[in-house]
Participant: 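Before anything else, here's the structure in question.
Keep in mind the model is a prediction, meaning the values are calculated, not measured. Sequence lines set the chain letters: A, B, ... in the order given, protein chains first and strands last, and positions in each chain run from 1.
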Protein chains: 2
Amino acid sequence: MPAISIGQLAKAAGVGVETVRFYERKGLLDAPPRKGSGYRQYDDDAVERLKFIRRAQLVGFTLKEIQDLLALRDDPDARRADVRERAAAKVADIDEKVRDLLAMRASLTTLLATCEGDGPASDCPIITAFRDEGRNEPTERSCEHGAGED
Amino acid sequence: MPAISIGQLAKAAGVGVETVRFYERKGLLDAPPRKGSGYRQYDDDAVERLKFIRRAQLVGFTLKEIQDLLALRDDPDARRADVRERAAAKVADIDEKVRDLLAMRASLTTLLATCEGDGPASDCPIITAFRDEGRNEPTERSCEHGAGED
DNA sequence: CTTGACTCCGTACCGAGGTACAGGGTGTAG
DNA sequence: CTACACCCTGTACCTCGGTACGGAGTCAAG
């Protein structure tokens, strides 16, 4: 039984102790059991939850939206149509974000590829690419984005 | 020559007039030419730029980062290694965001698929999926996310 | 039993990203 | 020439997502 302190939790997830308490106040993390002294006691699930929150933030979800996302996961009534609908909406959100990111990525890689030699950037096709993003077709090829590049 | 007012620009990009001026102060949009009266005069490029800013924000870039992104595009010296390096860094950022999004997406679609019938969500494989995200392998299959779903 | 790191709670403060006046000028339709 | 919508500058204010105290209790090592 791995009961960890707030400091250990914070460290494990790469955030500050104050931030953990802040998330608790905001309802993103629920109040953990306490020791007799009043010290919070977390388990490893809390670490995962906290990491999830950070990742979701990175890609532009607000704390409110992240609460929704977590609620979807935690809701024991998740089978209901209402919840599925919200999940579907989040998927659509995510798709839009992915599409925007891939369009930006395509522009940047074009810049990288085309301007590898010399000459001014203004000659790059990227200018046009940026101007009109491929917002309507994720381009399939975009899947090239996969790991193995960083 | 399509010279539009700040109000028309704002409307075209779906933001408020105040926001446009705010971006100008922040250096995201450069100060446009003025009419004799002092009225700002924009062209269609400004609309694209403004839309780009909004999309970049949606996926979690800060205004500071967006400035960088735009500078990469606009820099007449973009051929230099330094700039390419920053572009590469942004691509890496984007890849991380995409990876996180696809992991979340996979979790949510699993929820949707598995819980389509009835039974409590706690039975769903999603629980485990969320718990341990496929952060290390973009899963290839994730490319299923492509258009044609929203 | 003292010391130092850690925890508690509460409140104050902070930067980012806007949003909303106030107090004025512009432009055009009637 | 009056109305009314729009624009100007400037400053004040707001929410979000934290971060930083202050003052006090806890706990493990020495």
Participant: How close or far is atom C1' of D:dC7 from atom CD of B:Q8, stated in whole angstroms?
Facilitator: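 Spelled out: CD on B:Q8 to C1' on D:dC7 is 12 Å.
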Participant: Decide, yes or no, whether a salt bridge links A:D74 with A:R49 under the criterion of side-chain N to carboxylate O below 4.0 Å.
Facilitator: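 A salt bridge links A:D74 with A:R49.
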Participant: Quick one: is D:dG18 close enough that its OP1 or OP2 comes under 4.0 Å of any side-chain N or O from A:R54?
Facilitator: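 The answer is yes; a side-chain N or O of A:R54 sits under 4.0 Å from OP1 or OP2.
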Participant: Distance check needed: C:dC6 P versus A:I4 CD1, whole Å only.
Facilitator: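 In whole Å, C:dC6 P and A:I4 CD1 are 15 Å from each other.
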Participant: Please tell me which of the listed nucleotides, D:dT9, C:dT7, D:dG17, lies nearest to the side chain of A:V17?
Facilitator: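 Closest nucleotide among those given: C:dT7.
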Participant: Between B:Q57 and C:dG18, is there a contact of a side-chain N or O with OP1 or OP2 at under 4.0 Å?
Facilitator: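 True: B:Q57 side-chain N/O within range (under 4.0 Å) of C:dG18 OP1/OP2.
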Participant: Identify, between B:R25 and B:G7, the residue whose nearest nucleotide on DNA chain D lies closer to the 5' end.
Facilitator: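 Closer to the 5' end of DNA chain D: B:G7.
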Participant: Ignoring the backbone of A:F22, work out which of C:dA20, D:dT19, C:dC9 is nearest its side chain.
Facilitator: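 In terms of side-chain proximity for A:F22, the closest of C:dA20, D:dT19, C:dC9 is D:dT19.
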Participant: OP1, OP2 of C:dT7 versus side-chain N and O of A:S5: anything below 4.0 Å?
Facilitator: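 Indeed, a polar side-chain atom of A:S5 lies that close.
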Participant: Donor-acceptor pairs are to be reported for all side-chain atoms of residues 14-33 of chain B against protein atoms at under 3.5 Å, with residues two or more places apart or in another chain.
Facilitator:
unit_1, atom_1, unit_2, atom_2, d
B:Y23, OH, B:R54, NH1, 2.8
B:Y23, OH, B:Q57, OE1, 3.1
B:E24, OE1, B:R40, NE, 2.8

Participant: Ignoring backbone atoms, establish whether A:Y39 has a side-chain N or O less than 4.0 Å from OP1 or OP2 of D:dG25.
Facilitator: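 Looking at the OP1 and OP2 atoms of D:dG25, neither is under 4.0 Å from any side-chain N or O of A:Y39.
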Participant: Between B:T19 and C:dT19, does any side-chain N or O lie under 4.0 Å from OP1 or OP2?
Facilitator: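 Result: yes.
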Participant: In whole angstrom, give the distance that lies between atom CD of B:Q67 and atom C1' of C:dA16.
Facilitator: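 Rounded to the whole Å, the gap is 13 Å.
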Participant: Both A:G36 and A:K26 contact DNA chain D. Which one's nearest nucleotide lies toward the 5' end?
Facilitator: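 Residue closer to the 5' terminus by nearest nucleotide: A:K26.
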Participant: Nearest-Å distance, CZ (A:R34) to C1' (C:dC9)?
Facilitator: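 The answer, rounded to whole Å, is 9 Å.
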Participant: When you measure from the centre of the six-membered ring of B:F61, is the NZ or CZ of B:K90 closer than 6.0 Å and no more than 45° off the axis?
Facilitator: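 No, B:K90 does not lie over the aromatic ring of B:F61.
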Participant: Taking atom CD of B:Q8 as the centre, does the number of heavy atoms from other residues, nucleotides or ligands within less than 6.0 Å exceed 12?
Facilitator: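 Yes, the 6.0 Å shell around CD holds more than 12 heavy atoms from other groups.
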Participant: Whole-Å distance between C:dC6 C1' and A:K35 NZ?
Facilitator: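 Checked: the NZ to C1' distance equals 11 Å.
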Participant: Rounded to whole Å, please give me the gap between CG in B:L28 and C1' in C:dG17.
Facilitator: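 Nearest whole value for this atom pair: 11 Å.
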Participant: Is B:S37 close enough to D:dC8 that one of its side-chain N or O atoms is under 4.0 Å from OP1 or OP2 there?
Facilitator: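 Result: no.
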Participant: Measure NZ/A:K11 against P/C:dA5 and give the value in whole Å, please.
Facilitator: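 A:K11 atom NZ is separated from C:dA5 atom P by 13 Å.
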Participant: B:I6 CD1 to C:dG25 P: how many Å, rounded?
Facilitator: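 The answer, rounded to whole Å, is 19 Å.
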Participant: Under 3.5 Å, is there a donor-acceptor pair between the side chain of B:E48 and the main chain of B:D45?
Facilitator: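 No: the side chain of B:E48 does not pair with the backbone of B:D45.
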Participant: Can you tell which of C:dC21, D:dA20, D:dC7 lies closest to the side chain of B:E18?
Facilitator: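 So the nucleotide nearest the side chain must be C:dC21.
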Participant: Report yes if a side-chain nitrogen or oxygen of B:R40 is closer than 4.0 Å to either non-bridging phosphate oxygen (OP1 or OP2) of D:dC7; otherwise report no.
Facilitator: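 For D:dC7, OP1/OP2 do not have a side-chain N/O of B:R40 under 4.0 Å.
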